[in-house]
Amino acid sequence: MKKIKNSTISDFILGIVLMLLALFSFFISWGPLETLENGIYDLNANLRVQQSSAPVAVIAIDEQSITNLGRWPWPRARIAAMVDLLQSYQAKVIGLDIIYSEKDANQGLLEVRNLIKEIEGDPADANQGVALTAPAPKAPGVVETVPAQKTPGIVAAIPVKKKQSLEGILVSLKESEKRLDNDAILANSIAAGKNVVLPLFFVPGNPSGRTASNLPDYLQKNSISPTGGDNSITAREIVPPIAEFAATAMGLGHINIVADRDGTVRSEPLFINFEEKLFPSFALQLTLKYLNYDLQTLKPGNEIKFGRKTVPVDENNRMLISYASGIPYYSFFDVVNKKVAPDVFKDKIVIIAQSAAGLGAMQVTPTAVNVPPGTIIANVIENIINDDHIVRPSWANALELIMILVFGLYIALVIPRIKAGISAMVSLILLLGWMMTTIYLFAAYGYWIRALYPALILIVGYIVIVSKRYLLTERTNVRMEADSVETNKMLGLSFQGQGLLDMAFDKFRKCPAEDESVKELLYNLGLDFERKRMLNKAVAVYQHIATAGNFKDIGERIKKLTAAGETMIFGLSGSKKEATVMMDNTEIKPTLGRYEVVKELGRGAMGTVFLGKDPRINREVAIKTLRYEEIDPEQIDEVKKRFFREAEAAGKLSHPNIVTIYDVGEDYDIAYMAMELLDGTDLEKYTKKENLLSAQETVRVVSCVAAALDYAHANGIVHRDIKPANIMMLNNREIKVADFGIARVMATSKTQTGVVMGTPSYMSPEQIAGKKVDGRSDLFSLGVVLYELISGEKPFDGDSIATLMYKITSSPPPPIQELSPGIPEKMVPIVEKLLSKDVETRYQTGKSLADDLLACLN
Amino acid sequence: MNLTASGKTDQGLVRSNNEDNFYLDENLGLLVVADGMGGHASGETASSLAINVIRDYFQRPQKSIRDYDPAYSEATNRLNRAIRLANLAVYEAAQSSPQLNGMGTTIAAVLMTGNKLSIAHIGDSRVYLIRAGNIDQLTDDHSIVNEQVKRDLITKEEAAQSEMKNILTKALGIHADTEPDLDELTLFGDDILFLCTDGLSNMITDEAVLDIISSEGDPTTACDALVNTANKNGGKDNITVIIGCVKKNKKWYSGLFKFMEFFRR
């Protein structure tokens with residue numbers, strides 16, 4: 001029990017430790033585990049991808065466009081042309097995702113401007129009076145009056161006709177200037193539609209401490225003040241588009257893309273905090289403008305609310321992006337060449353962005369690897385418009401913690417107690433169930449539950465506990481095996497030291513013979529056998545060693561011994577002189593007295609029993625021997641005297657139900673008794689419940705024994721050891737009582753040292769009490785036998801001798817009717833009388849018993 | 001605790017051979033006596049085999065103990081295991097050979113670990129404790145007469161005279177699954193452990209034993225005295241005694257304590 005308890009506690013502790021580890025890494029968001037979690041997130045995200053139906057379209061400046069329209073950067077006028085085109089298509093909002101943070105440094109424009117200046121700066125010839133002032137567009141409303149000044153110059157030298165062409169050039173130049181002034185063109189387009197949103201870029205970093213007092217107007221109105229504590233991503237520098245554009249744009253939004261630690265873009269910061277002002281993202285602005293909401297009405301917080309929309313964000317104001325497929329995506333080149341139908345863009349948000357490799361920075365998303373930023377922006381818009389959000393619900397943390405606890409307890413308490421197979425299945429079911437639940441919640445509802453930590457606890461915990469158990473039992477098994485090998489070696493050596501070589505061999509055989517030390521032990525044993533001239537046994541030992549490979553000189557020894565053995569007489573079991581001489585191939589037959597000893601029948605309590613033959617009358621007899629060596633030397637005389645006295649007395653008994661003794665004698669060191677050879681078995685087997693005799697048969701048997709006892713008692717002989725083993729039923733159904741008085745010769749010699757009693761189940765109370773016994777004691781024993789033959793159970797039974805003795809002397813036997821309801825009624829009082837504890841109330845003679853028994857049958 | 005022990009075995013005046021055996025190891029704290037039985041010197045085989053197995057068991061390192069019983073200390077469990085192994089060995093040996101059939105032995109063993117004593121026995125060999133001038137029998141004989149005495153069928157004096165006083169209810173090597181009776185005890189300094197076979201306890205009363213041991217100085221002379229007295233009283237059986245004196249470990253600072261004790265008075 002202690003062993004089980006120990007391992008349960010340690011398993012429990014292991015489970016708790018693992019759980020604490022999981023909680024710990026849960027709270028500190030340990031890197032490698034976070035990567036795994038992200039992996040699961042991405043898988044889930046892919047499952048969620050559906051066709052989008054948002055009013056968004058992306059016009060991409062892709063490879064095709066670059067190839068056909070020229071190297072990037074393009075002249076801003078081309079962009080302006082696209083914007084005009086889209087406005088003609090009645091796009092609702094245009095997001096121009098190209099940052100123009102500096103003025104267009106157009107060499108051509110500068111040259112033209114220089115030329116214009118030169119031309120205008122030179123005064124005309126005073127004589128010619130032609131003032132070469134072109135109607136250059138200066139500030140509107142200013143009337144140009146140029147004083148006619150006569151300054152000499154090159155121009156003055158030009159003849160009048162030529163002066164007229166110069167004017168034309170000036171006009172052309174001015175027109176070129178207009179055409180080249182891309183910024184102006186674009187600014188016009190932006191201002192014209194009043195529906196263009198321009199991007200901001202922030203350099204993330206810690207704030208410099210300034211507040212937003214110095215920000216220009218257009219930045220002020222495109223940002224809101226944070227309410228209360230704000231944890232948005234902070235920036236230290238802002239890169240807005242040039243003032244001309246920014247001032248006339250419909251709105252400004254940042255295009256910062258913030259990827260997770262592993263470089264994948266899973267969320268977008270809807271606000272960035274710059275100088276304590278929150279600037280919305282490009283996508284957010286586009287959506288707001290599309291839905292006609294004012295930025296200033298936005299309420300940041302746990303969720304961003306505007307109008308009827310609620311956008312869930314985390315504590316950094318980041319929104320998780322649920323990627324969708326099917327966002328309309330067109331090549332700039334195609335659109336410009338009017339290959340795309342206008343109503344694709346009508347009333348929609350159109351985003352113009354770069355997508356050619358090497359232009360915009362391509363991003364990695366959970367669903368794809370080379371994603372242009374424009375697509376990400378479109379996705380965010382789609383999410384907000386369609387309320388298609390992935391969100392971490394407020395109860396997510398709680399749920400994950402609970403699941404960690406639950407699984408932790410599961411592995412700590414449950415797994416150690418159930419079988420390996422069942423625990424595998426249950427764990428698998430739990431794991432799958434949990435994963436399925438989280439996946440379903442994600443795919444269907446957009447609830448992001450972090451499945452990793454509970455799942456990990458389950459997997460790791462299961463593996464740890466199961467392997468620990470496996471290793472432990474393996475180790476215990478190995479240890480137990482090693483232990484029993486050691487034990488066998490030890491016992492073998494002890495036996496060998498005692499001279500019990502056969503037993504030593506037995507024990508050594510149980511050890512692995514491949515082991516060198518075991519071989520050594522066996523070899524020494526073989527040598528011992530040789531010394532004792534038990535050569536065949538020595539050969540057996542060496543051959544056993546040989547099964548595991550050669551060792552020293554066993555090969556030679558085997559050869560020598562086998563050769564020697566053929567000249568010796570084998571087959572001597574034990575070749576000790578005490579064993580009765582039983583040689584296989586000798587002519588001389590052994591004898592005992594006048595009887596020939598044919599063969600050994602068995603070993604009894606006293607000594608060996610042989611089958612013998614009386615040569616004179618050719619009758620087969622059983623010869624019971626009593627070996628003097630078995631008895632303590634100083635008692636031999638005493639024992640012999642008793643033996644012969646009893647044998648003589650028993651020899652006088654001549655009764656059909658008593659085994660007849662023919663002869664008694666002594667031969668050298670053996671006393672023997674020749675008796676009737678019995679062809680049958682004893683009553684032991686009829687005392688088993690499945691094998692009971694019929695009531696009639698039982699009565700017959702017991703009355704026979706009663707008759708025998710009556711006769712013996714009348715002749716002054718007490719059996720003293722009546723029990724089923726001493727009552728024989730011959731094959732012809734005759735009943736014979738055996739071992740009269742003989743058994744007691746061995747058992748109760750007065751000064752014999754401690755002999756352990758057999759179970760005294762059949763002893764009478766007076767025998768147990770150590771008093772003198774007479775024939776009535778035999779009748780008690782017979783009563784026990786009768787009880788047993790009827791019911792199949794002993795009347796007195798107990799787990800220890802003490803209990804047994806107590807029961808015999810003091811407690812009544814269980815009523816036999818209860819055990820054997822079919823018993824004839826008349827037998828019950830007979831049994832009771834036989835088993836009465838008081839000698840005087842018992843049957844006094846066997847005859848009265850036999851009479852009563854006979855009466856039963858009628 | 002330290003153990004100083006001495007043992008002696010004697011054939012007695014009546015028997016023609018000695019079937020008793022004993023073993024003691026002061027370092028291990030192990031004391032064992034055994035009284036063998038069975039015909040033709042198989043008693044000798046049984047008792048020496050049992051003692052050898054127990055001795056060998058304690059001399060090799062063991063790692064795990066089978067069938068550990070948490071009710072007893074580890075030392076007691078080891079003693080139990082050693083005796084069970086000895087039982088198995090003797091039993092198997094008895095089964096294997098007709099001459100040895102039916103052989104068995106008593107066993108009485110103590111194992112001292114620190115100041116705890118583990119006691120195990122089967123049969124009627126005894127372990128006594130002598131402490132503060134009193135002698136107590138620690139083991140409960142597994143004999144018929146003892147059972148009778150316990151059941152108040154006969155008195156102790158009658159038991160001593162009984163014909164059946166040498167018949168046992170339990171012996172080592174008779175059944176494969178015999179287990180010894182176990183007990184544990186805490187030892188104090190100046191305790192004396194006394195083990196003997198029935199050849200001694202049947203010849204000398206417990207009080208006489210106490211007298212002899214108290215009057216003799218050391219274990220060896222006490223053993224001699226006991227054996228001589230037993231023989232003087234008849235010597236009807238093999239006699240074996242072991243006497244073990246338990247002394248507290250003398251640590252270097254115990255002298256210091258004694259010094260301070262002196263001053264306190």
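Everything numeric in this text was worked out from a predicted model, so none of it was measured. Residue numbering restarts at 1 for every chain, and letters A, B, ... go by the order of the sequence lines.
- Annotation: the span from A/N488 atom CG to B/L85 atom CG amounts to 9.5 Å, rounded to 0.5 Å.
- Taking the side chain as every heavy atom from C-beta outward, A/L500 and B/L100 approach each other to under 4.5 Å.
- Contact check for B/E92 versus A/L491: no side-chain heavy atoms found under the 4.5 Å cut-off.
- In this structure, CD on B/Q148 lies 8.5 Å from CD1 on A/I768, to the nearest 0.5 angstrom.
- If you take CG on B/N52 and CD on A/Q496, they are separated by 12.5 Å, rounding to the nearest 0.5 Å.
- Side chains of B/D56 and A/S494 form a contact here, defined as non-hydrogen atoms less than 4.5 Å apart.
- Here CZ of A/F495 is found 7.5 Å from OG of B/S96. Values are rounded to the nearest 0.5 Å.
- Environment of NZ in B/K150: crowded, with over 12 heavy atoms of neighbouring residues, nucleotides or ligands closer than 6.0 Å.
- Between B/L49 and A/M503, the closest side-chain pair of non-hydrogen atoms is not below 4.5 Å.
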